[in-house]
Amino acid sequence: MAETPLIGDLGASPAGAALDGARIGVVTFPGTLDDRDAARAVRLAGAHAVPLWHADDTLAEVDAVVVPGGFSYGDYLRAGAISRFAPLMSRLTEAATASTGAALPVLGICNGFQILTEAHLLPGSMIKNDHLKFRCADQVLRVENTSTAWTSQFTADELITVPLKNQDGQYVADEGTLARLEGEGRVVFRYVGANPNGSRHDIAGISNAGGNVVGLMPHPEHAVEAGYGSEDSTGMRNGTDGLTVFTSVLSSLAGSDAAGDSK
């Protein structure tokens, strides 16, 4: 199928030729909505998007994985709770927590973030928004950790704008967990302005201790093309702040490869 023509010059890989051949898996569960958007973001960043089905028992030798948004299994029982038991999640968890070799970079977006908390790859949980309504709006975020695999190309405290759309977007955790996340610098994204869903400490995204697993509630994959992204100072729907999430992981992978080659 032919790609939709881009508005703006985003056809070339901003990550550079050294990243040619990187394979980023995009997982689809029954009810996933944003897998194609995530795959397009991966391609625009300069990598190959590899479709992964929830019932697969292999990760198809991918270099990183995106668990995209949607309503997996209709959010029955609890958002992300059923997806957590998919065969592919067992393989993903093993790879993301590997004690030998490089741990697999994993990004969970919206429902993907919920799935990562249910799988205990990230601490805390997601519950219904404090106002009990679905929220859809452009959202300003502060990037608070640029040392993760998915944020390495941002600058510290950079403000970005990406779309937010959720009903179960309130991040909660006990006080000990929140203190640990703050103390270890594992809050990756924080809401700026009004808190859209009541998340504790205005948390929009967090990482695991290793920095290879990141989850966030807003949708960077919807802010990767000029003309289709969030509104910003350059004009209506011109925002492409989300693309840096995907180029960051490619840069991180290239750095890992370079380090391996030097040994």
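Quick caveat, the model's predicted, so the values are computed rather than measured.
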Practice task
Could you check if a side-chain atom of Leu107 sits within less than 4.5 angstrom of a side-chain atom of Val65, using non-hydrogen atoms only?
Solution key: no
Practice task
Classify the side-chain pair Asp35/Thr28 by whether it contains a donor and acceptor separated by less than 3.5 Å.
Solution key: yes
Handout entry: Rounded distance (nearest 0.5 Å) linking atom CD1 of Ile115 with atom CE of Met89
Key = 6.5 Å
Problem - Other residues, nucleotides, ligands: >12 heavy atoms within 6.0 Å of Tyr76 OH - result: no
Handout entry: Same apolar cluster (I L V M F W Y, side chains within < 4.5 Å links), Phe71/Phe29
Key = no
Practice task
Would you confirm whether Thr240, through its side chain, and Val224, through its main-chain N or O, come within 3.5 Å as a donor-acceptor pair?
Solution key: no
Practice task
Verify whether one side chain among Thr58 and Asp56 offers a donor that lies under 3.5 Å from an acceptor in the other.
Solution key: no
Problem - Backbone N/O of Lys133 and side chain of His131: donor-acceptor pair under 3.5 Å - result: yes
Problem - Exam field: side chain Asn208 to backbone Val213, donor-acceptor pair closer than 3.5 Å - result: yes
Practice task
For the pair Asp138 (side chain) and Val162 (backbone), establish whether a donor and an acceptor sit closer than 3.5 Å, ignoring hydrogens and angles.
Solution key: no
Practice task
Output the distance between atom CG (Asp63) and atom CG (Leu250), rounded to the nearest 0.5 Å.
Solution key: 9.0 Å
Fill in the blank from the handout: For Pro220 and Val245 the tightest heavy-atom approach is CB-CG2, 3.9 Å
Practice task
Please lay out, stage by stage, how Glu175 and Arg200 fare under the test salt bridge (Lys or Arg N to Asp or Glu O under 4.0 Å).
Solution key: CA-CA 10 Å; Glu175 289 303 321; Arg200 304 299 187 267; 5.9 Å; no
Fill in the blank from the handout: Rounded to the nearest 0.5 Å, the CD atom of Gln170 sits from the CD1 atom of Ile203 at a distance of 11.5 Å
Problem - Pairing of Arg78 and Glu118 as salt bridge, 4.0 angstrom limit - result: yes
Handout entry: Donor-acceptor contact present, side-chain Ser199 to main-chain Tyr171, <3.5 Å
Key = yes
Handout entry: Donor-acceptor pair between His222 and Asp34 side chains, under 3.5 angstrom
Key = yes
Problem - Shortest non-hydrogen separation from Ala22 to Ala47 and the atoms involved - result: O-CB, 3.5 Å
Practice task
Report yes or no: do Asp174 and Thr177 form a side-chain donor-acceptor pair below 3.5 Å?
Solution key: yes
Problem - Criterion side chain to side chain donor-acceptor pair (under 3.5 Å) on Arg135 and Gln167, from CA distance to verdict - result: CA-CA 6 Å; Arg135 177 68 183 269; Gln167 178 172 283; over 6 Å; no
Problem - Pairwise distance CD(Glu221) to CG(Leu44) - rounded to 0.5 angstrom - result: 12.0 Å
Problem - Over all atoms of both residues, closest heavy-atom pair of Ala96 and Ala103 - result: O-CB, 3.5 Å
Problem - Any side-chain donor near an acceptor of the partner, Asp130 and Asn197, under 3.5 Å - result: no
Handout entry: Same apolar cluster: Trp53 and Phe85, side chain cutoff 4.5 Å
Key = no
Practice task
Would you check if the side chain of Asp241 reaches a backbone N or O of Thr161 as a donor-acceptor pair within less than 3.5 Å?
Solution key: yes
Practice task
Would you kindly say whether His54 and Tyr73 are connected by a side-chain donor-acceptor distance under 3.5 Å?
Solution key: yes
Handout entry: Side-chain touch Phe189/Arg142, heavy atoms, less than 4.5 angstrom
Key = no
Fill in the blank from the handout: Here the gap from Arg91 atom CZ to Leu59 atom CG, rounded to the nearest 0.5 Å, amounts to 8.0 Å
Practice task
Check whether any side-chain heavy atom of Pro196 sits under 4.5 Å from a side-chain heavy atom of Leu164, and report yes or no.
Solution key: yes
Exercise for the section: Evaluate the side-chain proximity of Glu182 to Val187: yes if any heavy-atom separation is below 4.5 Å, no if none is. Expected result: yes
Exercise for the section: Check Ala49 against Pro51 and note the closest heavy-atom contact, atom names and distance. Expected result: O-CD, 3.7 Å
Practice task
Check for a donor-acceptor pair, side chain of Trp150 on one end and backbone N or O of Asn212 on the other, with a separation under 3.5 Å.
Solution key: yes
Practice task
Using atom types as modelled and distance alone, determine if a side-chain donor or acceptor of Ser251 lies under 3.5 Å from a backbone N or O of Thr247.
Solution key: no
Exercise for the section: Write down the atom of Gly70, the atom of Asn111, and the distance for their closest heavy-atom approach. Expected result: O-CB, 3.2 Å
Handout entry: Any donor-acceptor N/O pair, Ser72 side chain to Ser83 backbone, under 3.5 Å
Key = no
Problem - Donor + acceptor pair across side chains of Gln114, Thr117 (<3.5 Å) - result: no
Problem - Side-chain touch Val67/Leu92, heavy atoms, less than 4.5 angstrom - result: yes
Handout entry: Identified side-chain contact (heavy atoms from CB on, under 4.5 Å) counterpart of Arg190 within the set Val140, Asp202, Asp157, Ile206
Key = Asp202
Fill in the blank from the handout: To the nearest 0.5 Å, atom CG of Leu159 lies from atom CZ of Phe154 at 11.5 Å
Problem - Side chain proximity check, Leu141 to Pro218, heavy atoms < 4.5 angstrom - result: yes
Handout entry: Side chains of Ile24 and Val66 in contact at under 4.5 Å (non-hydrogen atoms)
Key = yes
Practice task
State, without any angle test, whether Thr151 and Thr148 hold a side-chain donor-acceptor pair at a distance under 3.5 Å.
Solution key: yes
Practice task
Dump the intermediate steps for side chain to side chain donor-acceptor pair (under 3.5 Å) on Asn129 and Asp168, then the final yes or no.
Solution key: CA-CA 5 Å; Asn129 298 341; Asp168 297 81; over 6 Å; no
Practice task
Answer with yes or no whether the hydrophobic clustering places Leu77 together with Leu116; edges join I, L, V, M, F, W, Y residues whose side-chain heavy atoms lie under 4.5 Å apart.
Solution key: yes
